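What follows is a set of notes on a single structure, which appears directly below.
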2 protein chains.
Amino acid sequence: MSTRPRAARPRQPAAVTRSTIFDAARELFGESGFDAVGIRAVAARAGVDAALVIRHFGSKEQLFLETMTVDLPAVRVMEGPLDGMGRAIVEHVVCLPSTRTGALAVTALAALFRASDRDEVRRNLRSTIDEVFARPLVRRLTGGDAEVRAHLVAAQLGGLLTSMHVVQDPVLLAADPQAVVARYGDAIQQLISEGEGAAA
Amino acid sequence: MSTRPRAARPRQPAAVTRSTIFDAARELFGESGFDAVGIRAVAARAGVDAALVIRHFGSKEQLFLETMTVDLPAVRVMEGPLDGMGRAIVEHVVCLPSTRTGALAVTALAALFRASDRDEVRRNLRSTIDEVFARPLVRRLTGGDAEVRAHLVAAQLGGLLTSMHVVQDPVLLAADPQAVVARYGDAIQQLISEGEGAAA
DNA sequence: CGAGGATGGTCAACATTGATGACAAGCGTA
DNA sequence: TACGCTTGTCATCAATGTTGACCATCCTCG
């Protein structure tokens, strides 16, 4: 007997195992980020061999990108009235993490930022921000540098998000959410409505 | 002859080799980030054995943190007048990369952001931002939520910096620097001067 | 001069990582 | 039964950061 019989779990349709791995990866990546989570850890949590993870997703990076997606919750706000949109958006970034999908979105975006050392992740981050933040806004704004202003708003949002969920600035985390919404929201609002009538 | 004589470069004082490694690491990390640069690459560039790098700096992470430092150029601006400080700060983030030390600072901060998946790097990033951006501002601001406002400004700056040098938003990179300075600077200015007279 | 120790440097190895390819086992079908 | 597709496992690879044993050079003191 040179080869003992291989264990072989009860067979399952590919979609099921894939989904199991997906869930395990989503949780682990969300908790600890790309770097700290090995492919073997994901496999263990899913009750599966490490090689299977690669077979289903191609690479660890691909798995990461597929799990850490933002199911655009912010885009709704940007279809509302321009007045007060600044505060509304900030509220979605600051307060929304209490909801289920909101927390996922914020967690995923933060995880993307933290892993942005990899080219592919950086590309993904770029297009994600463009889709979720910048483009919806560009469609709403008019006047002078509408496009630039929209992307500057996206920059502001990214700044607040990274400050709170990547850098984890203790002052901001401990601050009164209402104050943050008011202050930062108004700063964004200025960028939104500043050039609507005429350019500077 | 089981052991051939070991090569042994001409001996040098420790400080010199350390400095050589330091320079090599600074360049490579600045160009390609933490992840893409192996310790052996740094060693090769410095003309040194890989083990020596570790012996001098303890670990790759430590080397990274020691090389990617921000020699606070922004702090000068924050000692000037509060009026127009917003635009002045943004100018230092957007236009300053043409100077030598400015480029280093921006590059280093961007590299820290991109490698923020590691706990130690994140800690370093947090205190760096606090020292370079937040604390100097806290000292200048008065009124309502002076501290919170200062940290929100830091968040805005981090947002612009990551948008341009991490995410590399093509719209912002192609935009007229003057427009960016004006728009974003004014948004920051609002956060600076908003609560100076009375709290909301 | 020569013994001894500190200092500077090299090499071979280790554990862990992501990834690959050969192969086994289940399951449907002809 | 025999074939073939899908699903799963194992052994293995190359590359990574890191370590410890080992040289080699220089300074110093007897």
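Keep in mind it's a predicted model, so treat the numbers as computed, not measured. In what follows, chains carry the letters A, B, and so on, assigned in the order in which the sequence lines appear, proteins first and then strands, with residues in each chain numbered from 1.
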From the list [options], which nucleotide is the closest neighbour of the side chain of [X]?
| X | options | result |
| --- | --- | --- |
| B:I39 | D:dG17, D:dG8, C:dG9 | D:dG17 |
| A:D49 | C:dT10, D:dT19, D:dC10 | D:dC10 |
| B:K60 | C:dG9, D:dG8, D:dG17 | D:dG17 |

Send over the distance from [X] [atom1] to [N] [atom2], rounded to a whole Å.
| X | N | atom1 | atom2 | answer |
| --- | --- | --- | --- | --- |
| B:I21 | C:dG8 | CD1 | C1' | 11 Å |
| A:Q62 | C:dT20 | CD | P | 13 Å |
| B:D35 | C:dT17 | CG | P | 15 Å |
| B:I54 | D:dT18 | CD1 | P | 4 Å |
| A:L28 | C:dG18 | CG | C1' | 16 Å |
| B:F34 | D:dT16 | CZ | C1' | 11 Å |
| A:F57 | D:dT7 | CZ | P | 13 Å |
| B:R40 | C:dT10 | CZ | P | 14 Å |

(message) Go nucleotide by nucleotide along DNA chain C from the 5' end; which of A:G58 and B:L52 gets its closest nucleotide reached first?
(response) B:L52
(request) Would you indicate, yes or no, if D:dG17 has its OP1 or OP2 atom less than 4.0 angstrom from a side-chain nitrogen or oxygen of B:S59? (result)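 Negative; the distance criterion is not met.
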(message) Counting only side-chain nitrogens and oxygens, does B:T17 get under 4.0 Å of the OP1 or OP2 atom of C:dG9?
(response) yes
(message) Once hydrogens and angles are ignored, does a donor-acceptor distance under 3.5 Å link the base of C:dG8 to the side chain of B:R55?
(response) no
Got a second to check how far [X]'s [atom1] is from [Y]'s [atom2], nearest 0.5 Å?
| X | Y | atom1 | atom2 | answer |
| --- | --- | --- | --- | --- |
| A:F57 | A:Q62 | CZ | CD | 9.5 Å |
| A:I21 | A:T67 | CD1 | OG1 | 11.5 Å |
| B:R18 | B:L63 | CZ | CG | 8.5 Å |

(message) Under a 4.0 Å threshold between the charged nitrogen and the carboxylate oxygen, would A:R139 count as salt-bridged to A:E79?
(response)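 No, this pair does not count.
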(request) Before accepting this row, confirm whether a basic side-chain N of the pair B:D119/B:R122 lies closer than 4.0 Å to the acidic partner's carboxylate O. (result) yes
(message) Heavy atoms only, 4.0 Å cut-off, all strands: where does A:A51 land among base, sugar-phosphate and nothing?
(response) base
